[in-house]
Amino acid sequence: VKRILFVDDEPMVLRALANVFRKHKDRWEMIFVNGGEAALAVMAVAPVDLVVTDMRMPGMDGAALLERVAALYPTTKRVILSGQTSPVSNASERRCAHQVLEKPCPTDLLRSTIEGLLAPSAATAPP
Amino acid sequence: MAGVAGIGVLTILADWGRWTDVALLVAQMAVLTAANGWITAVLLRRIRPRAAEWMRLVVNLAIALPVFHILHWPLPVWLFLPFSALAYDHTNRAVSIRGVVVNCAALTVLALHDGVSPLYPAVFVGFTAIVFNIMRARHDAYVELATSLRQAQKLEAVGRLASGIAHEINTPLQYTRDNVRFLEGTMREVLGLIVVYQDLHEKMVDKESASTLVAAARRADEAADLPYLLEHAEEACKDSAEGLDRIAAIVASMRHLAHPQQIEMSELDLNAAIAQVLVVANHEYRYVADVETALVDLPPVLCHPGLISQMILNIVVNAAHAIADARAGAAAADRGLIAITSVRAGDDVVIAISDNGPGIPDAICTRVFEPFFTTKDVGRGTGQGLAIARSVAEQHGGALTFVSRLGKGTTFSLRLPMRGRRPVAT
């Protein structure tokens, strides 16, 4: 079972993701938190395999969170799911994430992205 | 300033040796320069520009005429006078012809009364007319430029907001679509379950076939994950409906703001316009500031709704940017405040938009309304917003003023006559 952490300041986004991925419950342990600080708190207790985070959030934003995650948990895969579309932010986003997805992101694309990153062949850490 | 210094030097040379006269003229010039500076730097922000201009004219004449009378009109004063009449930097509005005529007439009458040769006032009036015409031409060119810029600025404002509005719409789209997909996926299973239940219900009488159907029903029940649906389906519908409401509200507000400019004025509910501006500007302030509104009941205001809404939008976005810049790197809990109030003042309404940002430094207070003046980075603003906001306010027979305290914040006040005024042709 893979642990996947979803981070977004909009509870409705998190609820919808929980709904749409409920059939994957046996393969994915999904945790939903509303901000960067809460995400780091969850990871401090037990690391996760993949983080999907929003970009713009009050307090610690997505980029800051992913920088911390990259430093603290280098094996954790990092995905941005953001509503921002400005090219400037995209450049900095790409540096800290394995994958950048734009809201609204089709369910299947988000699912296949997560699966692709969690597949053993996608491992970035050397064996 | 170079002009003042030049005329000062000329005065000293011309009156060489008559040191009392020189001292008096230099003192007068210093007082006039200080008074003009104060009016353009301080007063112009507080009162309407036209009133400030007349006050400047009166002050100039009141200080200049007695001194010239005492000094018997030495030659350099005739050089100084056009400067005093016209040097007020009118890049964004025409020099009042009435002001120039009053100035010339007052000087000429007093000079002739004091026995000065008619040649001097004649040359002075001619020179003033030439300078006046040059400035008028410059103003006309400015107006032409400003007209085309206004359209560009409107596009800029829309463009600047577009990415933020995309974000506003993208987020509800994300969860609304996810929820609809979720409900769509469950629908087949739930309907299948209902069909099995129906079958079961009908076959209840026949015990044997019922027992196989009960097993089928249990399988369908498990597939549909009924407890999960009972818990989450209604919420998913509610969230989706709310998401669609959010999208609809943003689109409606945008439509108001981007409304094609009508020639005729129409009645605008200013409080509703403020609410719409706050919807559209939401992404600009949401992460950095809270907004408090204290709006009194206002009668409909006759105005150009699109222009007024855009002006309010500009000021709110500026306030949000000021707070965001001041708070970059600050803790999330340390939020700024944007306060918007509306009050009635006689036949006018006054909308005040305050922020508790860093305030505007004194050094640039005089330049805030200057076209092309901006402290923002390239791409974030071209310095057109407030220049145009002020001209829109004046077109409506109103005024846009501000007070700012360094470290405390800035308040912009928009005063508009409720019954409106036809815009002057610009």
Side-chain angles (χ1 to χ4, degrees), chain A residues 6-26 30 32 34-40 52-65 79-90 93 100-111 114, chain B residues 159-160 162-186 189 223-225 227-229 231-247 283-290 327 329-335 377 379-380:
Chain A
F6 292 92
V7 190
D8 201 303
D9 61 320
E10 295 262 4
M12 283 162 294
V13 171
L14 296 177
R15 287 205 288 267
L17 289 172
N19 287 339
V20 87
F21 289 137
R22 78 187 200 292
K23 294 264 161 121
H24 302 286
K25 265 187 296 198
D26 47 341
M30 289 174 280
F32 301 91
N34 66 357
E37 289 88 352
L40 289 174
V52 178
T53 181
D54 187 20
M55 205 58 195
R56 219 169 150 176
M57 295 182 288
M60 179 184 284
D61 69 6
L65 168 65
V79 177
I80 285 171
L81 176 60
S82 168
Q84 302 290 92
T85 46
S86 90
V88 177
S89 62
N90 281 354
E93 280 165 14
V100 179
L101 298 174
E102 278 178 11
K103 285 181 191 166
C105 173
T107 311
D108 286 342
L109 177 59
L110 179 55
R111 182 185 48 74
I114 292 173
Chain B
R160 186 176 55 191
S163 71
I165 287 161
H167 183 241
E168 290 297 291
I169 291 177
N170 286 344
T171 299
L173 274 179
Q174 169 76 33
Y175 61 78
T176 303
R177 190 161 70 179
D178 275 353
N179 276 328
V180 171
R181 284 262 173 272
F182 157 64
L183 294 169
E184 179 197 10
T186 64
E189 290 153 354
D225 200 0
Y228 187 93
L229 295 189
E231 200 183 331
H232 292 106
E234 199 182 337
E235 183 187 63
C237 291
K238 214 183 278 173
D239 283 359
S240 302
E242 194 268 0
L244 292 175
D245 285 347
R246 256 168 80 171
I247 294 166
H283 74 281
E284 298 280 2
Y285 62 76
R286 184 172 51 190
Y287 297 100
V288 293
D290 297 310
R327 265 151 238 264
D334 184 20
R335 289 166 66 80
D377 295 336
R380 209 163 164 217

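To find a chain, count down the sequence lines: A is the first, B the second, and so on, and within it residues start at 1.
Across all their heavy atoms, B/Asp178 and A/Cys105 have their closest contact at OD1-O, 4.3 Å. The minimum heavy-atom distance between B/Tyr228 and A/Ala18, with the atom names listed, is OH-O, 3.3 Å. Minimum heavy-atom separation, A/Val13 to B/Tyr175: CG2-CD2, 3.5 Å.
In this structure, A/Pro106 and B/Arg177 have side chains that are in contact, with non-hydrogen atoms separated by less than 4.5 Å. At least one side-chain heavy atom of A/Lys25 sits less than 4.5 Å from a side-chain heavy atom of B/Asp225.
Looking at A/Leu14, neither its backbone nor its side chain comes within 4.5 Å of chain B, counting heavy atoms on both sides. Looking at A/Pro11, neither its backbone nor its side chain comes within 4.5 Å of chain B, counting heavy atoms on both sides.
Atoms CD and CG, on B/Gln174 and A/Asp54 in that order, are 9.5 Å from each other to the nearest 0.5 Å. Atoms CZ and CG, on B/Arg286 and A/Asp9 in that order, are 6.5 Å from each other to the nearest 0.5 Å.
Counting non-hydrogen atoms of neighbouring residues, nucleotides and ligands closer than 6.0 angstrom, the CZ atom of A/Arg22 exceeds 12 such neighbours.
Residues that satisfy the salt bridge (charged side-chain N to carboxylate O under 4.0 Å, His left out) test with A/Asp8, not counting sequence neighbours, are A/Lys103. Applying the ring pair (Phe, Tyr, Trp, His ring centres under 6.0 Å) test to A/Phe6 and every residue at least two apart in sequence or in another chain returns A/Phe32. Remark: A/Lys23 engages B/Glu189 in a side chain to side chain donor-acceptor pair (under 3.5 Å) (not counting sequence neighbours).
Proximity to chain A among residues 240-247 of chain B is limited to B/Glu242, B/Arg246, judged by heavy-atom separations below 4.5 angstrom.
Of the options B/Glu235, B/His232, B/Lys238, a side-chain contact (heavy atoms from CB on, under 4.5 Å) to A/Arg15 is made by B/Glu235 and by none of the others.
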